[in-house]
Amino acid sequence: MNFDPDPADLALSSIPGHKTSDPCKDQFSEEELKLQPIMKKARKIQVPDDQKDEKYWNRRYKNNEAAKRSRDARRLKENQITVQAAFLEKENAVLRQEVANIRQELTRYRSILSKYESQHGTV
């Protein structure tokens, strides 16, 4: 089976600087494919301007960076799953066609065997 995903899709489903994700070989565990529970956000607590010291801004910066890494990781995994789903759909179509061809061939062979048996008796 020939599966040529869009190079842009492969780039979006791979970590820059690492090997390109291969949807033909990459497998996800059931745990990775499970839906994640929706978490309710905690209520935002406004910090008064007079309490926004260096420690506060360091924590905000670290939190913003962690949130960005988390979003990027989620987006990467979603892209990998999307590319692999496209591969599996194409593979499934190829396999369905192969099964249809084999069934057609089986029908043909049964017909030939039936004609043979009618002329020469059962085998």
Side-chain angles (χ1 to χ4, degrees):
M1 184 188 79
N2 186 17
F3 179 71
D4 296 320
D6 185 356
D9 290 340
L10 286 180
L12 289 173
S13 65
S14 300
I15 299 172
H18 292 77
K19 80 174 188 72
T20 303
S21 175
D22 183 359
C24 303
K25 296 177 185 167
D26 294 344
Q27 298 293 320
F28 292 99
S29 69
E30 283 195 36
E31 188 64 31
E32 290 177 301
L33 296 174
K34 278 186 182 175
L35 292 175
Q36 298 298 315
I38 296 174
M39 306 288 276
K40 287 191 174 186
K41 288 185 176 182
R43 290 185 147 230
K44 290 186 178 182
I45 301 171
Q46 292 292 335
V47 177
D49 286 340
D50 61 335
Q51 291 181 1
K52 294 181 180 179
D53 57 359
E54 189 67 26
K55 181 180 172 185
Y56 169 84
W57 290 113
N58 283 338
R59 286 177 51 212
R60 292 299 321 132
Y61 176 77
K62 286 181 183 179
N63 181 266
N64 290 342
E65 291 298 310
K68 182 181 183 306
R69 283 192 307 272
S70 176
R71 286 189 301 270
D72 289 345
R74 177 182 45 82
R75 199 173 298 118
L76 177 69
K77 179 163 281 192
E78 287 172 355
N79 290 340
Q80 288 173 338
I81 290 171
T82 301
V83 171
Q84 187 172 24
F87 163 73
L88 292 173
E89 286 172 1
K90 183 164 185 172
E91 183 180 44
N92 191 19
V94 167
L95 292 173
R96 284 181 189 275
Q97 184 61 48
E98 195 175 316
V99 167
N101 293 343
I102 290 171
R103 284 185 176 154
Q104 227 175 9
E105 189 177 356
L106 177 62
T107 303
R108 198 174 117 246
Y109 289 144
R110 281 183 175 158
S111 172
I112 291 170
L113 181 61
S114 170
K115 287 178 186 175
Y116 180 84
E117 286 177 339
S118 68
Q119 292 176 356
H120 304 285
T122 51
V123 178

Inset, instruction - Using a 4.5 Å cut-off on heavy atoms from C-beta on, say whether the side chain of Leu95 contacts that of Glu98. - result: yes
Legend entry - Residue list, salt bridge (charged side-chain N to carboxylate O under 4.0 Å, His left out) with Arg60, at least two apart or on another chain: none
Legend entry - Separation between CD1 of Ile81 and CG of Leu88, rounded to the nearest 0.5 Å: 11.0 Å
Legend entry - Side-chain donor or acceptor of Thr107 paired with backbone N/O of Arg103 under 3.5 Å: yes
Inset, instruction - Could you grab the distance from atom CZ of Arg108 to atom CD of Glu105, nearest 0.5 Å is fine? - result: 6.5 Å
Inset, instruction - Mind checking the OG-OH spacing from Ser111 to Tyr109? Nearest 0.5 Å is all I need. - result: 12.0 Å
Inset, instruction - Would you mind listing the cluster partners of Trp57? Hydrophobic ones only (ILVMFWY), side-chain contacts under 4.5 Å, chaining allowed. - result: Val47, Tyr56
Legend entry - Interatomic spacing from CG in Leu113 to CG in Leu106 - rounded to 0.5 Å: 10.5 Å
Legend entry - Distance-only side-chain donor-acceptor flag, Gln97 / Asn101, under 3.5 Å: yes
Inset, instruction - Output, in order, the C-alpha distance, side-chain angles, deciding distance and verdict of side-chain contact (heavy atoms from CB on, under 4.5 Å) for Arg96 and Asn92. - result: CA-CA 6 Å; Arg96 284 181 189 275; Asn92 191 19; 3.6 Å; yes
Legend entry - CD-CD distance between Glu89 and Gln84, expressed to the nearest 0.5 angstrom: 11.0 Å
Inset, instruction - Verify the neighbour count for atom CD of Glu65: are there more than 12 heavy atoms of other residues, nucleotides or ligands below 6.0 Å? - result: yes
Legend entry - Side chain Thr82, main chain Glu78, donor-acceptor under 3.5 Å: yes
Inset, instruction - Give a yes or no on whether a salt bridge exists between Asp72 and Arg69, defined as a side-chain N under 4.0 angstrom from a carboxylate O. - result: no
Legend entry - Qualifying side-chain hydrogen bond (donor to acceptor under 3.5 Å, both in side chains) pairs, either residue in residues 42-51, two or more places apart: Asp49-Lys52
